[in-house]
Amino acid sequence: MLEEVILPTYITVHLGRPNSSAENLTVSFDYYLKNVASSEIYPTWPYEALRANIWAQMSLVLNRVYTEWYRSRGYDFDITNSTAYDQAFVKNRNIYDSVAAVVDEVIGEYLQKPFYREPYYAEYCDGKQAQCPGLKQWGTLDLANRGYNSLQIIHYYYGDTMLLRETDNIQPILSSYPGYAQRLGYSGLYVFIIQELLNGIAVNYPSIPLIYPPDGYFNDVTEQAVRVFQEQFNLQVDGIVGLATWNMLSRIYVAVRKLAELGSLGRLEGYFTGLWTGRVLRRGDIGIEVQQLQYFLSIVAQSYPNIPPVTVDSRFGAGLEQSVRAFQQEFGLLVDGIVGENTWNTVYSVYSSLV
(Lines give C-alpha, C1' and ligand atoms only; values in the text may rest on other atoms or scores of the structure.)
Protein backbone atom coordinates (compact mmCIF):
# COMPACT_ATOMS: atom_id res chain seq x y z
CA MET A 1 0.00 0.00 0.00
CA LEU A 2 0.99 3.57 -0.51
CA GLU A 3 1.52 5.85 2.47
CA GLU A 4 -0.47 8.71 1.02
CA VAL A 5 -3.32 9.28 -1.39
CA ILE A 6 -1.98 10.39 -4.74
CA LEU A 7 -3.51 11.73 -7.92
CA PRO A 8 -1.55 9.84 -10.59
CA THR A 9 -0.09 11.66 -13.53
CA TYR A 10 -0.60 8.53 -15.65
CA ILE A 11 -2.34 5.20 -15.14
CA THR A 12 -1.88 1.90 -16.96
CA VAL A 13 -5.09 0.13 -17.97
CA HIS A 14 -5.23 -3.54 -18.92
CA LEU A 15 -7.76 -3.90 -21.74
CA GLY A 16 -9.28 -7.14 -20.54
CA ARG A 17 -9.71 -9.37 -17.53
CA PRO A 18 -6.69 -9.48 -15.21
CA ASN A 19 -5.29 -12.80 -16.46
CA SER A 20 -6.01 -12.21 -20.14
CA SER A 21 -3.24 -11.56 -22.66
CA ALA A 22 -4.65 -8.16 -23.55
CA GLU A 23 -3.00 -4.84 -24.34
CA ASN A 24 -1.86 -2.45 -21.63
CA LEU A 25 -2.52 1.20 -22.34
CA THR A 26 -0.96 4.06 -20.35
CA VAL A 27 -2.96 7.28 -20.39
CA SER A 28 -3.15 10.49 -18.39
CA PHE A 29 -5.30 10.16 -15.29
CA ASP A 30 -7.76 12.88 -16.26
CA TYR A 31 -8.27 11.26 -19.67
CA TYR A 32 -8.79 7.89 -17.97
CA LEU A 33 -11.53 9.28 -15.74
CA LYS A 34 -13.22 11.13 -18.61
CA ASN A 35 -13.19 7.92 -20.64
CA VAL A 36 -14.67 5.86 -17.77
CA ALA A 37 -17.38 8.44 -17.12
CA SER A 38 -18.21 8.71 -20.82
CA SER A 39 -18.41 4.91 -21.02
CA GLU A 40 -20.58 4.38 -17.94
CA ILE A 41 -23.02 7.29 -17.63
CA TYR A 42 -25.03 9.50 -19.96
CA PRO A 43 -23.90 13.06 -20.77
CA THR A 44 -27.51 14.29 -20.67
CA TRP A 45 -27.96 13.36 -17.02
CA PRO A 46 -28.36 16.23 -14.52
CA TYR A 47 -25.18 17.80 -13.20
CA GLU A 48 -25.77 16.49 -9.66
CA ALA A 49 -26.04 12.90 -10.92
CA LEU A 50 -22.93 13.26 -13.06
CA ARG A 51 -20.90 14.65 -10.18
CA ALA A 52 -21.99 11.93 -7.73
CA ASN A 53 -21.09 9.21 -10.23
CA ILE A 54 -17.71 10.73 -11.01
CA TRP A 55 -16.88 11.00 -7.31
CA ALA A 56 -17.59 7.28 -6.95
CA GLN A 57 -15.55 6.46 -10.07
CA MET A 58 -12.66 8.61 -8.84
CA SER A 59 -12.71 7.04 -5.40
CA LEU A 60 -12.72 3.48 -6.73
CA VAL A 61 -9.74 3.95 -9.02
CA LEU A 62 -7.78 5.84 -6.35
CA ASN A 63 -8.45 2.90 -4.02
CA ARG A 64 -6.95 0.56 -6.62
CA VAL A 65 -3.86 2.78 -6.82
CA TYR A 66 -3.53 3.24 -3.03
CA THR A 67 -3.85 -0.47 -2.25
CA GLU A 68 -1.55 -1.43 -5.15
CA TRP A 69 -4.24 -3.99 -5.89
CA TYR A 70 -2.70 -5.30 -9.10
CA ARG A 71 0.93 -4.24 -8.73
CA SER A 72 1.25 -6.14 -5.43
CA ARG A 73 0.14 -9.26 -7.28
CA GLY A 74 2.90 -8.94 -9.84
CA TYR A 75 0.84 -7.41 -12.66
CA ASP A 76 2.30 -4.59 -14.75
CA PHE A 77 -0.84 -2.45 -14.74
CA ASP A 78 -2.94 -0.50 -12.24
CA ILE A 79 -6.51 -1.36 -13.24
CA THR A 80 -8.47 -3.30 -15.86
CA ASN A 81 -11.31 -2.25 -18.13
CA SER A 82 -13.33 -5.32 -17.20
CA THR A 83 -16.49 -4.22 -15.38
CA ALA A 84 -16.51 -7.61 -13.65
CA TYR A 85 -13.43 -6.38 -11.77
CA ASP A 86 -13.07 -2.63 -12.24
CA GLN A 87 -14.42 0.12 -14.49
CA ALA A 88 -15.41 0.48 -18.13
CA PHE A 89 -12.74 2.03 -20.36
CA VAL A 90 -12.92 2.03 -24.15
CA LYS A 91 -9.81 2.61 -26.22
CA ASN A 92 -10.09 5.65 -28.52
CA ARG A 93 -13.69 6.40 -27.55
CA ASN A 94 -15.26 9.85 -27.89
CA ILE A 95 -15.32 11.93 -24.72
CA TYR A 96 -18.52 13.83 -23.93
CA ASP A 97 -18.01 17.54 -23.31
CA SER A 98 -20.48 17.71 -20.42
CA VAL A 99 -18.79 14.78 -18.70
CA ALA A 100 -15.30 16.18 -19.30
CA ALA A 101 -16.32 19.51 -17.78
CA VAL A 102 -17.45 17.84 -14.55
CA VAL A 103 -14.27 15.73 -14.38
CA ASP A 104 -12.15 18.87 -14.77
CA GLU A 105 -14.13 20.48 -11.95
CA VAL A 106 -13.86 17.64 -9.43
CA ILE A 107 -10.52 16.05 -10.34
CA GLY A 108 -8.83 14.98 -7.12
CA GLU A 109 -12.03 14.79 -5.06
CA TYR A 110 -12.77 11.37 -3.61
CA LEU A 111 -14.75 9.61 -0.89
CA GLN A 112 -13.34 8.51 2.45
CA LYS A 113 -14.74 7.15 5.70
CA PRO A 114 -13.95 9.04 8.92
CA PHE A 115 -10.67 7.94 10.58
CA TYR A 116 -9.66 5.85 7.54
CA ARG A 117 -6.62 6.55 5.38
CA GLU A 118 -7.57 4.82 2.13
CA PRO A 119 -9.88 6.27 -0.55
CA TYR A 120 -13.21 4.49 -0.16
CA TYR A 121 -13.87 1.54 -2.44
CA ALA A 122 -17.08 3.07 -3.78
CA GLU A 123 -18.57 -0.01 -5.41
CA TYR A 124 -21.32 0.80 -7.90
CA CYS A 125 -23.33 -0.73 -10.73
CA ASP A 126 -25.87 0.41 -13.30
CA GLY A 127 -28.82 -0.74 -11.17
CA LYS A 128 -30.67 -2.15 -14.17
CA GLN A 129 -28.73 -4.95 -15.80
CA ALA A 130 -26.55 -5.46 -12.73
CA GLN A 131 -27.33 -5.13 -9.04
CA CYS A 132 -24.92 -4.40 -6.19
CA PRO A 133 -25.05 -3.11 -2.60
CA GLY A 134 -23.43 0.21 -3.54
CA LEU A 135 -24.41 3.15 -5.74
CA LYS A 136 -26.91 2.50 -8.55
CA GLN A 137 -26.08 4.68 -11.54
CA TRP A 138 -29.63 4.84 -12.86
CA GLY A 139 -30.79 5.48 -9.33
CA THR A 140 -28.67 8.63 -9.21
CA LEU A 141 -30.67 9.96 -12.16
CA ASP A 142 -33.92 9.44 -10.27
CA LEU A 143 -32.53 11.04 -7.10
CA ALA A 144 -31.19 14.06 -8.99
CA ASN A 145 -34.55 14.53 -10.69
CA ARG A 146 -36.15 14.46 -7.23
CA GLY A 147 -33.94 17.34 -6.09
CA TYR A 148 -31.07 15.56 -4.37
CA ASN A 149 -27.69 17.27 -4.70
CA SER A 150 -24.60 15.22 -5.43
CA LEU A 151 -23.47 14.86 -1.80
CA GLN A 152 -26.97 13.84 -0.74
CA ILE A 153 -26.86 11.16 -3.45
CA ILE A 154 -23.55 9.90 -2.07
CA HIS A 155 -24.96 9.80 1.46
CA TYR A 156 -28.08 8.00 0.22
CA TYR A 157 -25.97 5.11 -1.07
CA TYR A 158 -22.90 5.08 1.18
CA GLY A 159 -24.18 6.51 4.45
CA ASP A 160 -24.34 9.91 6.11
CA THR A 161 -20.83 9.70 7.56
CA MET A 162 -19.12 9.46 4.17
CA LEU A 163 -16.68 12.35 3.68
CA LEU A 164 -15.65 14.15 0.53
CA ARG A 165 -11.88 14.64 0.47
CA GLU A 166 -9.57 16.34 -2.01
CA THR A 167 -5.92 15.87 -2.93
CA ASP A 168 -3.64 17.87 -5.17
CA ASN A 169 -0.79 15.43 -4.56
CA ILE A 170 -0.06 14.80 -8.23
CA GLN A 171 2.77 12.34 -8.86
CA PRO A 172 3.67 9.20 -10.79
CA ILE A 173 2.59 5.84 -9.40
CA LEU A 174 5.66 4.42 -7.67
CA SER A 175 5.98 1.20 -5.71
CA SER A 176 5.64 1.43 -1.93
CA TYR A 177 8.53 -1.03 -1.58
CA PRO A 178 11.54 0.86 -0.20
CA GLY A 179 13.91 -0.72 -2.71
CA TYR A 180 15.90 -2.78 -0.23
CA ALA A 181 15.04 -5.58 2.19
CA GLN A 182 14.23 -4.83 5.84
CA ARG A 183 15.84 -7.12 8.42
CA LEU A 184 16.90 -7.55 12.05
CA GLY A 185 18.61 -4.41 13.35
CA TYR A 186 17.00 -2.00 10.89
CA SER A 187 14.80 0.88 12.05
CA GLY A 188 12.62 3.61 10.64
CA LEU A 189 9.33 4.22 8.88
CA TYR A 190 9.41 1.06 6.75
CA VAL A 191 9.91 -1.12 9.81
CA PHE A 192 7.00 0.62 11.53
CA ILE A 193 4.83 -0.09 8.47
CA ILE A 194 5.81 -3.77 8.64
CA GLN A 195 4.83 -3.86 12.31
CA GLU A 196 1.53 -2.11 11.58
CA LEU A 197 0.64 -4.58 8.84
CA LEU A 198 1.67 -7.63 10.84
CA ASN A 199 -0.39 -6.52 13.84
CA GLY A 200 -3.41 -5.98 11.61
CA ILE A 201 -3.01 -9.37 9.97
CA ALA A 202 -2.51 -11.09 13.34
CA VAL A 203 -6.13 -10.35 14.25
CA ASN A 204 -7.12 -12.98 11.68
CA TYR A 205 -3.97 -15.10 12.01
CA PRO A 206 -3.32 -15.23 15.77
CA SER A 207 -0.29 -17.51 15.38
CA ILE A 208 1.59 -14.37 14.28
CA PRO A 209 3.13 -12.76 17.41
CA LEU A 210 1.88 -9.26 18.17
CA ILE A 211 4.53 -6.53 18.17
CA TYR A 212 3.90 -4.14 21.05
CA PRO A 213 4.76 -1.41 21.17
CA PRO A 214 5.19 -0.97 17.39
CA ASP A 215 8.21 1.33 17.50
CA GLY A 216 9.96 1.11 14.14
CA TYR A 217 12.76 -1.13 15.41
CA PHE A 218 13.23 -4.49 13.69
CA ASN A 219 13.75 -6.50 16.85
CA ASP A 220 13.58 -10.21 17.65
CA VAL A 221 9.78 -10.18 18.04
CA THR A 222 9.40 -8.49 14.66
CA GLU A 223 11.68 -11.04 13.02
CA GLN A 224 9.71 -13.90 14.58
CA ALA A 225 6.43 -12.38 13.41
CA VAL A 226 7.84 -12.08 9.88
CA ARG A 227 8.96 -15.72 9.96
CA VAL A 228 5.53 -16.95 11.07
CA PHE A 229 3.89 -14.80 8.39
CA GLN A 230 6.21 -16.18 5.72
CA GLU A 231 5.50 -19.73 6.76
CA GLN A 232 1.76 -19.07 6.83
CA PHE A 233 1.79 -17.76 3.25
CA ASN A 234 4.33 -20.13 1.69
CA LEU A 235 7.16 -17.62 1.31
CA GLN A 236 10.84 -18.19 1.92
CA VAL A 237 11.15 -18.28 5.71
CA ASP A 238 14.15 -16.07 6.47
CA GLY A 239 12.71 -13.30 8.66
CA ILE A 240 13.70 -10.72 6.03
CA VAL A 241 11.15 -8.49 4.32
CA GLY A 242 12.16 -8.37 0.68
CA LEU A 243 9.89 -7.52 -2.24
CA ALA A 244 7.89 -10.78 -2.20
CA THR A 245 7.19 -10.57 1.54
CA TRP A 246 6.47 -6.83 1.34
CA ASN A 247 3.90 -7.33 -1.42
CA MET A 248 2.29 -10.26 0.39
CA LEU A 249 2.04 -8.21 3.60
CA SER A 250 0.22 -5.52 1.67
CA ARG A 251 -2.09 -7.99 -0.08
CA ILE A 252 -3.07 -9.84 3.08
CA TYR A 253 -3.56 -6.64 5.10
CA VAL A 254 -5.81 -5.23 2.38
CA ALA A 255 -7.76 -8.50 2.41
CA VAL A 256 -8.23 -8.86 6.18
CA ARG A 257 -9.03 -5.17 6.66
CA LYS A 258 -11.34 -5.28 3.60
CA LEU A 259 -9.83 -2.08 2.21
CA ALA A 260 -11.14 -2.85 -1.29
CA GLU A 261 -14.70 -3.61 -0.17
CA LEU A 262 -17.75 -1.55 0.71
CA GLY A 263 -17.49 -2.83 4.29
CA SER A 264 -13.89 -1.72 4.79
CA LEU A 265 -12.51 -1.91 8.32
CA GLY A 266 -10.07 0.79 7.29
CA ARG A 267 -6.40 1.49 7.53
CA LEU A 268 -6.64 3.55 10.67
CA GLU A 269 -5.57 7.17 10.66
CA GLY A 270 -2.90 7.85 13.25
CA TYR A 271 -2.16 4.18 13.97
CA PHE A 272 -0.83 3.79 17.52
CA THR A 273 -0.89 7.52 18.25
CA GLY A 274 -3.76 7.26 20.72
CA LEU A 275 -6.20 8.89 18.32
CA TRP A 276 -9.72 7.60 18.97
CA THR A 277 -10.98 5.98 15.79
CA GLY A 278 -14.66 6.59 16.35
CA ARG A 279 -15.31 2.93 17.14
CA VAL A 280 -16.93 2.21 20.51
CA LEU A 281 -15.37 -0.95 21.95
CA ARG A 282 -17.21 -3.51 24.07
CA ARG A 283 -17.11 -7.14 25.04
CA GLY A 284 -17.07 -9.41 21.98
CA ASP A 285 -15.16 -7.00 19.73
CA ILE A 286 -11.92 -7.97 18.03
CA GLY A 287 -9.45 -5.88 16.06
CA ILE A 288 -6.56 -3.48 15.96
CA GLU A 289 -8.33 -0.97 18.19
CA VAL A 290 -8.75 -3.67 20.85
CA GLN A 291 -5.02 -4.46 20.59
CA GLN A 292 -4.09 -0.86 21.22
CA LEU A 293 -6.51 -0.50 24.13
CA GLN A 294 -5.10 -3.68 25.69
CA TYR A 295 -1.53 -2.46 25.39
CA PHE A 296 -2.28 0.97 26.84
CA LEU A 297 -4.19 -0.60 29.74
CA SER A 298 -1.45 -3.20 30.32
CA ILE A 299 1.02 -0.37 30.97
CA VAL A 300 -1.44 1.51 33.17
CA ALA A 301 -2.17 -1.63 35.21
CA GLN A 302 1.50 -1.90 36.20
CA SER A 303 1.17 1.36 38.15
CA TYR A 304 -2.39 0.98 39.42
CA PRO A 305 -2.82 -2.25 41.44
CA ASN A 306 -6.62 -1.96 41.46
CA ILE A 307 -6.63 -2.52 37.68
CA PRO A 308 -6.25 -6.22 36.73
CA PRO A 309 -3.39 -7.10 34.33
CA VAL A 310 -4.29 -7.16 30.63
CA THR A 311 -3.23 -9.60 27.93
CA VAL A 312 -2.78 -8.22 24.39
CA ASP A 313 -4.60 -10.67 22.13
CA SER A 314 -6.93 -8.50 19.98
CA ARG A 315 -10.08 -9.87 21.66
CA PHE A 316 -12.35 -7.97 24.04
CA GLY A 317 -13.22 -10.70 26.53
CA ALA A 318 -14.36 -10.85 30.12
CA GLY A 319 -10.89 -10.09 31.47
CA LEU A 320 -10.53 -6.90 29.47
CA GLU A 321 -14.03 -5.80 30.44
CA GLN A 322 -13.10 -6.26 34.09
CA SER A 323 -9.97 -4.14 33.60
CA VAL A 324 -11.93 -1.44 31.80
CA ARG A 325 -14.47 -1.29 34.63
CA ALA A 326 -11.68 -1.06 37.20
CA PHE A 327 -10.04 1.73 35.20
CA GLN A 328 -13.31 3.63 34.93
CA GLN A 329 -13.82 3.25 38.70
CA GLU A 330 -10.25 4.40 39.40
CA PHE A 331 -10.58 7.55 37.31
CA GLY A 332 -14.15 8.60 38.07
CA LEU A 333 -15.72 7.61 34.77
CA LEU A 334 -19.05 5.96 34.08
CA VAL A 335 -18.48 2.32 35.03
CA ASP A 336 -20.05 0.37 32.17
CA GLY A 337 -17.14 -1.64 30.73
CA ILE A 338 -17.61 0.09 27.37
CA VAL A 339 -14.83 2.13 25.79
CA GLY A 340 -16.18 5.21 24.09
CA GLU A 341 -14.30 8.40 23.30
CA ASN A 342 -14.08 9.62 26.91
CA THR A 343 -12.76 6.34 28.33
CA TRP A 344 -10.38 5.86 25.40
CA ASN A 345 -8.91 9.35 25.72
CA THR A 346 -8.51 8.97 29.48
CA VAL A 347 -6.77 5.59 29.07
CA TYR A 348 -4.37 7.08 26.54
CA SER A 349 -3.73 10.19 28.65
CA VAL A 350 -2.83 8.08 31.69
CA TYR A 351 -0.71 5.74 29.54
CA SER A 352 1.13 8.72 28.04
CA SER A 353 1.95 10.05 31.53
CA LEU A 354 3.62 6.75 32.42
CA VAL A 355 5.87 6.17 29.40
Does the side chain of Arg146 come within less than 4.5 Å of Gln152's, by heavy atoms? no
Got a donor-acceptor contact below 3.5 angstrom from the Arg64 side chain to the Leu60 backbone? no
Would you please indicate if the ring centroids of Tyr121 and Tyr158 are separated by under 6.0 Å? no
Can you establish whether the number of heavy atoms outside Phe77 located under 6.0 Å from its atom CZ is more than 12? yes
Sub-4.5 Å side-chain heavy-atom contact between Gln57 and Ile54: yes
Apply side-chain contact (heavy atoms from CB on, under 4.5 Å) to the pair Trp246 and Ile193, showing each step before the final yes or no. CA-CA 10 Å; Trp246 181 275; Ile193 293 168; 4.2 Å; yes
Are a donor atom and an acceptor atom from the side chains of Tyr32 and Asp78 found within less than 3.5 Å of each other? no
Only pairs at least two apart or in different chains count here, so list each disulfide bond (SG atoms under 2.5 Å apart) that has a residue in residues 38-129. Cys125-Cys132
Checking the side chain of Glu269 only, and the main-chain atoms of Arg117 only, is there a donor and an acceptor separated by less than 3.5 Å? no
Are any non-hydrogen side-chain atoms of Phe89 and Tyr31 less than 4.5 angstrom apart? yes
Gln87 and Tyr124 side chains, donor-acceptor separation under 3.5 Å: yes
Would a line drawn from the ring center of Tyr70 to the ring center of Tyr85 be shorter than 6.0 Å? no
Tested for side-chain contact (heavy atoms from CB on, under 4.5 Å) against Gln171, the lone hit among Thr9, Ile6, Leu7 is Ile6
Please determine whether a side-chain nitrogen of the Lys or Arg among Glu109 and Arg51 lies less than 4.0 Å from a carboxylate oxygen of the Asp or Glu. no
Check this for me: does any side-chain nitrogen of one of Arg282 and Asp336 sit under 4.0 Å from a carboxylate oxygen of the other? no
Quick check on the hydrophobic clustering: are Leu174 and Leu243 connected, directly or via other members, by side-chain heavy-atom contacts under 4.5 Å? no
Just by modelled atom types, is the Ser82 backbone N or O under 3.5 Å from a matching donor or acceptor in the Thr80 side chain? yes
Trace of the ring pair (Phe, Tyr, Trp, His ring centres under 6.0 Å) decision for Tyr271 with Phe192: CA-CA 10 Å; Tyr271 172 70; Phe192 183 84; 5.8 Å; yes
With side chains defined as the heavy atoms from C-beta onward, is the minimum distance between Tyr47 and Val102 less than 4.5 Å? yes
Please indicate whether Gln329 has more than 12 foreign heavy atoms, meaning atoms of other residues, nucleotides or ligands, lying under 6.0 Å from its CD. no
When you group the ILVMFWY residues by side-chain heavy-atom contacts below 4.5 Å and let the links chain together, are Leu189 and Val5 in the same group? yes
Check against ring pair (Phe, Tyr, Trp, His ring centres under 6.0 Å), Phe327 and Phe296: CA-CA 11 Å; Phe327 178 90; Phe296 298 148; over 10 Å; no
Whether Ser59 side chain and Leu111 backbone form a donor-acceptor pair below 3.5 Å: yes
Given the options Glu4, Arg267, Glu118, Tyr66 meets side chain to side chain donor-acceptor pair (under 3.5 Å) only with Arg267
Could you check whether any side-chain N or O of Thr277 sits under 3.5 Å from a backbone N or O of Phe115, counting only pairs where one atom can act as donor and the other as acceptor? no
I'd like to know if the side chain of Asn247 pairs up with that of Ser250 as donor and acceptor (distance under 3.5 Å, no hydrogens or angles considered). no
CA sep, side-chain torsions, deciding dist, call: Asn199, Tyr295, side-chain hydrogen bond (donor to acceptor under 3.5 Å, both in side chains): CA-CA 12 Å; Asn199 283 345; Tyr295 178 72; over 6 Å; no
Assess whether side-chain hydrogen bond (donor to acceptor under 3.5 Å, both in side chains) is satisfied between Asn35 and Ser38, documenting all intermediate values. CA-CA 5 Å; Asn35 188 303; Ser38 295; over 6 Å; no
Would you say Asn19 and Tyr75 are linked by a side-chain donor-acceptor pair, where the criterion is simply a distance under 3.5 Å? yes
Residues pairing under side chain to side chain donor-acceptor pair (under 3.5 Å) where one sits in residues 337-353, two or more places apart or in two chains, turn out to be Gln328-Thr343
Criterion ring pair (Phe, Tyr, Trp, His ring centres under 6.0 Å) on Tyr212 and Phe272, from CA distance to verdict: CA-CA 10 Å; Tyr212 273 89; Phe272 205 72; 5.7 Å; yes
Main-chain N/O of Gly266 paired to Arg257 side chain as donor or acceptor, under 3.5 Å: yes
Are the side chain of Glu330 and the backbone N or O of Asn306 linked by a donor-acceptor pair below 3.5 Å? no
Atom CG of residue position Asn94 - does it have more than 12 heavy atoms of other residues, nucleotides or ligands inside 6.0 Å? no
Any donor-acceptor N or O pair under 3.5 Å, side chains Ser28, Asp30: yes
Transitively linked via ILVMFWY side-chain contacts under 4.5 Å: Leu265 with Val280? no
For Ser314, check side chain to side chain contact (heavy atoms under 4.5 Å, CB included) against everything at least two apart and list the hits. Val203, Leu210, Gln291
